Undergrad: 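Pasting in a structure now, in structure tokens, and then I'll have a few things to ask.
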Amino acid sequence: MTENLCICKEKPYPLGCYIDYDRSLVVRAVFSDAQKCGITLYPGESDAGASPLKIELPVSLKRGAIYSARISGIDNIARYESYNYYADDECFCDPYAKHIHGLEVFGKDVPDSEIRAKLDNKADFKTSSHIFDWGGDVSLQTPYEDSLIYLLHVRGFTKSPSSQVEASKRGTFSGIIEKIPYLKSLGVTAVELMPAYEMNEVEDLYKKSDRRSISAPNNGGRQIFSKDGSISSKNARSLRLNYWGYKKGYYFAPRTAYCENPFDAENEFKRFVKTMHENGIEVIMQFYFDDDENGTLIIDALRFWRCTYHVDGFHLKGSIIPHRLVTDEPLFTDVKIWYEWLDYGSIYKGRIPAERRFADYNDAFLFNVRRFLKSDDNTAQDFLKSMTSNSSDHGIINYLCNYEGFRLMDLVSYEHKHNEENGENNKDGSDNNLSWNCGIEGRTRKHDILTLRNKQIKNALTMLFLAQGTPMIFSGDEFGNSQGGNNNPYCQDNETGWVDWKAMERNPDILEYVRFLSGFRFSHRILHEKESFKLMDHISCGYPDFSCHGKEAWRPDLTGQSHLLGMLFCGLYEKDEPFIYVTFNMHWTSQALALPKLPDGLKWELLKDTDPRDIRIEVLRPRLRENNETEVFTELMADRSVRIYVSRPAKKEGENKTPDKKLKAREIPARRSTKGKKNGKS
């Protein structure tokens, strides 16, 4: 009954719905071109016998497209726990809802009418027991030059039993917390979450609102299922699981299916962020927005997550983003914002910011490194550019693999995508993978092929960690996780889409190499500078800060047929740091490469070689350059290999050699070679 209700005008912002301290209902919502619109209140389980209460909003409350009302006189208003809006005959959930009921089980087909918004009761928050204690939580604001990013899918990261996470925590935010010691052992400073806001991941191919995120007309007649929910076979041909989550969602609510306790999602996500911060790890949220999404909602959602959940930044995805609204927002002066590209000249108007907030997140590094890795021609110059790319006004995020495309292990194991399980006749996913299978497609037991693949993975990882931008790893790539050649597992909520932690046991040397690279990078400032190299001797020490070399020192070959480069980082530009020389031979044969002469009293020492064979016995004699001034030493490098040399004090005769200390990844304080052709294929 609504005869005794008092409906008054209310200010139109902020949008949303809640029970106020005076037990009145405040409603602020956008309705477009509806003859009749309003709200339906649903009682909780304790009042299951009570009927829903439907309240129509009079047009007199409308300002623009916003209806705003304060409704008093609702009998026993505390019995109502959820609500939905209606416009004529359509029922829909509040896009500004802070918690959603009905989507607690991942992969379960839920009708729209059963997806409801939780009705917040402000009177319940008068007591301190309802207020989350953030303690001394502060924004970490780790500089880009000191960052290592770890991209993960919340469910896929720990859902596999091989994760050894407690069953109730698998595939949840709490499951990530269980892996914090592991993340710290890698030197991770930020986790980037694929979409973790609320959504209905089950999509109807024939439903208009879902068509934009579907790439095929059917799913091959396969059933979508999970252990907790199922879809009837008669509807299976029209339904698809959007496992990744790049679709329109409820942008103000944490994803309940990613919670150990779905009915306390808000507090669980807050505990997750707080715990990550206590361990010196930032939390970056991915947000995907449709082209037709309202700009006001976008900026409101980002503000909400920053204020309510203390997240450290956002990776914005979608072709139409209100860039200036985001970059000019005063609340975001200490927040990381990532996008494919931003107009920094317009943002800063020629000024250089004290701290870099924004970062480019594009595939340039991926393309250039992959082409050089597999020995393509005309790649040396682009590879060098990506390795040294840096900027004083924004960060540059480098990655070899992203969520779409091959995993790192598959990049060296497959030349063609194998997406048949997706149900789209292998037509989905990119055909431009820039991959090389090292001689055999897919799995093999041939030792020489496996050895070459292992070497190529280490080559690629060395390129990633020793480039000047900020490195990003996709979860599992650090120990050779594979998706079986599927380069687009957007609908694979199974072993294909989940991280297989058993791969760590199969490839322990890859994981150890990642830890070495992380420790090596962050132990030497010259390898992760804030400013771009000047490429000149600007401190008059006799060496430029960075220089490139080839078969002859100081003479790099950047022609189209070059597959050999040496990169010299001069430690004199940073206090008490050694010279570091990294050599890349991506040629399919062994090559001689020069070692530049060091200052008197120093000598080169080989720290790491990705090739397991020791061919350094073929050291060529020192020789003099044409001007007879500088000695140049030349060593033979194995095919497709990378070496890291470090300068050490030259030992005097009779002195005992001191063994090197093993480098460890930094822990963040609480704050055959197969005979390949020229193009890299066998």
Side-chain angles (χ1 to χ4, degrees), residues 106-108 150-165 170-172 175-176 179 193-196 201-203 213-216 218-231 236 239-247 257-258 286 400-431 433 435 437 441-444 453 457 473-507 510:
F106 190 90
K108 182 178 180 180
Y150 194 85
L151 173 61
L152 60 86
H153 185 284
V154 177
R155 180 172 172 87
F157 185 52
T158 60
K159 187 59 180 175
S160 171
S162 64
S163 68
Q164 298 185 340
V165 169
R170 292 176 192 163
T172 69
I176 301 174
K179 291 294 184 179
L193 308 184
M194 292 170 65
E201 62 276 353
V202 179
E203 299 176 324
S213 55
I214 300 299
S215 57
N218 61 69
N219 67 352
R222 297 177 303 106
Q223 231 177 350
I224 304 167
F225 64 93
S226 69
K227 294 181 179 179
D228 302 308
S230 62
I231 295 173
L239 297 175
R240 181 180 299 280
L241 181 69
N242 191 326
Y243 169 69
W244 281 349
Y246 294 102
K247 60 171 292 184
Y258 290 172
Q286 283 191 4
L400 296 162
C401 304
N402 207 333
Y403 63 91
E404 55 185 347
F406 280 146
R407 299 275 54 79
L408 183 55
M409 176 60 77
D410 294 347
L411 184 69
V412 300
S413 304
Y414 297 89
E415 289 190 19
H416 309 286
K417 64 186 181 183
H418 297 270
N419 300 353
E420 291 81 5
E421 291 186 359
N422 295 352
E424 301 186 25
N425 300 317
N426 205 30
K427 294 180 180 180
D428 64 308
S430 174
D431 292 310
N433 296 292
S435 60
N437 60 23
E441 185 76 356
R443 295 181 179 179
T444 182
R453 288 177 179 176
I457 288 175
I473 301 176
F474 188 86
S475 58
D477 278 350
E478 71 275 15
F479 51 75
N481 179 56
S482 171
Q483 293 173 171
N486 192 324
N487 76 348
N488 190 40
Y490 72 98
C491 57
Q492 299 294 334
D493 179 35
N494 48 40
E495 288 78 6
T496 298
W498 301 341
V499 173
D500 177 15
W501 292 84
K502 290 183 180 179
M504 186 186 298
E505 302 171 7
R506 297 190 294 268
N507 307 297
I510 296 177

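Since the model is a prediction, treat every value here as computed from it, not as a measurement.
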Undergrad: Given Phe479 and Trp501, is the side chain to side chain contact (heavy atoms under 4.5 Å, CB included) satisfied, shown in steps?
TA: CA-CA 8 Å; Phe479 51 75; Trp501 292 84; 3.9 Å; yes
Undergrad: Would you find more than 12 non-hydrogen atoms of other residues, nucleotides or ligands less than 6.0 Å from Gln164 atom CD?
TA: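 No.
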Undergrad: Is the backbone of Tyr414 close enough, under 3.5 Å, to the side chain of Ser435 for a donor and an acceptor to pair up by distance?
TA: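 Confirmed, Ser435 side chain pairs with Tyr414 backbone.
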Undergrad: If every non-hydrogen atom of Ser162 is compared with every non-hydrogen atom of Val499, which pair is closest and at what distance?
TA: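 Here Ser162 and Val499 meet closest at OG-O, 4.0 Å.
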Undergrad: How far apart are the closest heavy atoms of Phe157 and Ser475, and which atoms are they?
TA: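 Residues Phe157 and Ser475, closest heavy atoms: CD1-CB, 3.8 Å.
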Undergrad: Do Trp244 and Gln286 come within less than 4.5 Å of each other through their side chains, counting heavy atoms only?
TA: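 Result no, sub-4.5 Å side-chain heavy-atom pair not found.
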Undergrad: Looking only at atom types and distance, does a side-chain atom of Lys179 sit under 3.5 Å from a main-chain N or O of Ser163, one as donor and one as acceptor?
TA: yes
Undergrad: Can you tell if the side chain of Glu478 reaches within under 4.5 Å of the side chain of Tyr150, non-hydrogen atoms only?
TA: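 Yes, their side chains come closer than 4.5 Å.
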Undergrad: Passes side chain to side chain donor-acceptor pair (under 3.5 Å), Asn242 versus Glu203? Steps please.
TA: CA-CA 7 Å; Asn242 191 326; Glu203 299 176 324; 3.1 Å; yes
Undergrad: Can Asn486 and Thr496 be said to form a side chain to side chain donor-acceptor pair (under 3.5 Å), step by step?
TA: CA-CA 8 Å; Asn486 192 324; Thr496 298; 5.6 Å; no
Undergrad: Measure the OG-NZ distance between Ser160 and Lys502 for me, rounded to the nearest 0.5 Å.
TA: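 Ser160 OG to Lys502 NZ: 7.5 Å, rounded to 0.5 Å.
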Undergrad: List the steps and the verdict of side chain to side chain donor-acceptor pair (under 3.5 Å) for Asn487 and Glu404.
TA: CA-CA 6 Å; Asn487 76 348; Glu404 55 185 347; over 6 Å; no
Undergrad: Would you say the rings of Tyr403 and Tyr246 are close, in the sense that their centroids are separated by under 6.0 Å?
TA: yes
Undergrad: Check whether the side chains of His418 and Gln483 place a donor and an acceptor atom closer than 3.5 Å, and report yes or no.
TA: no
Undergrad: Among residues at least two apart in sequence or on other chains, which ones pass side-chain hydrogen bond (donor to acceptor under 3.5 Å, both in side chains) with Asn507?
TA: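 side-chain hydrogen bond (donor to acceptor under 3.5 Å, both in side chains) list for Asn507, sorted by chain: empty.
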Undergrad: Could you give me the CA-CA distance, side-chain angles and deciding distance for Leu151 and Ile473, then say whether side chain to side chain contact (heavy atoms under 4.5 Å, CB included) is met?
TA: CA-CA 6 Å; Leu151 173 61; Ile473 301 176; over 6 Å; no
Undergrad: Is the backbone of Glu415 close enough, under 3.5 Å, to the side chain of Glu441 for a donor and an acceptor to pair up by distance?
TA: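 Yes.
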Undergrad: Only counting residues at least two apart or in another chain, list the ones meeting side-chain hydrogen bond (donor to acceptor under 3.5 Å, both in side chains) with Arg443.
TA: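 If we apply the side-chain hydrogen bond (donor to acceptor under 3.5 Å, both in side chains) test to Arg443, skipping adjacent residues, there are no hits.
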Undergrad: State, without any angle test, whether Ser413 and Asn437 hold a side-chain donor-acceptor pair at a distance under 3.5 Å.
TA: no
Undergrad: Tell me whether the rings of Tyr258 and Phe106 are parallel (<30°), tilted (30 to 60°) or perpendicular (>60°).
TA: parallel
Undergrad: Flag the pair Asp500 and Arg407 as a salt bridge only when some basic side-chain nitrogen lies within less than 4.0 angstrom of an acidic carboxylate oxygen.
TA: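 Salt bridge flag = no for Arg407 with Asp500.
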Undergrad: Is there a side chain to side chain contact (heavy atoms under 4.5 Å, CB included) between Arg155 and Asp493 once you walk through the steps?
TA: CA-CA 9 Å; Arg155 180 172 172 87; Asp493 179 35; 2.8 Å; yes
Undergrad: Does any donor atom in the side chain of Glu424 or Asn422 lie under 3.5 Å from an acceptor atom in the other side chain?
TA: no
Undergrad: Restricting to non-hydrogen atoms, name the atom on Pro489 and the atom on Tyr243 that form the minimum distance, rounded to 0.1 Å.
TA: O-CD2, 3.8 Å
Undergrad: Is it the case that the side chain of Thr172 and the backbone of Gly175 share a donor-acceptor pair, with hydrogens and angles ignored and the cut-off at 3.5 Å?
TA: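 Flag set: sc Thr172 to bb Gly175 pair under 3.5 Å.
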Undergrad: Restricting to side-chain hydrogen bond (donor to acceptor under 3.5 Å, both in side chains), what partner residues turn up for Lys417, sequence neighbours left out?
TA: Asp431
Undergrad: Is the shortest side-chain heavy-atom distance between Met409 and Asn481 below 4.5 Å?
TA: no
Undergrad: Could you tell me whether the side chain of Thr158 and the main chain of Gly171 form a donor-acceptor pair under 3.5 Å?
TA: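 Checked: pair present.
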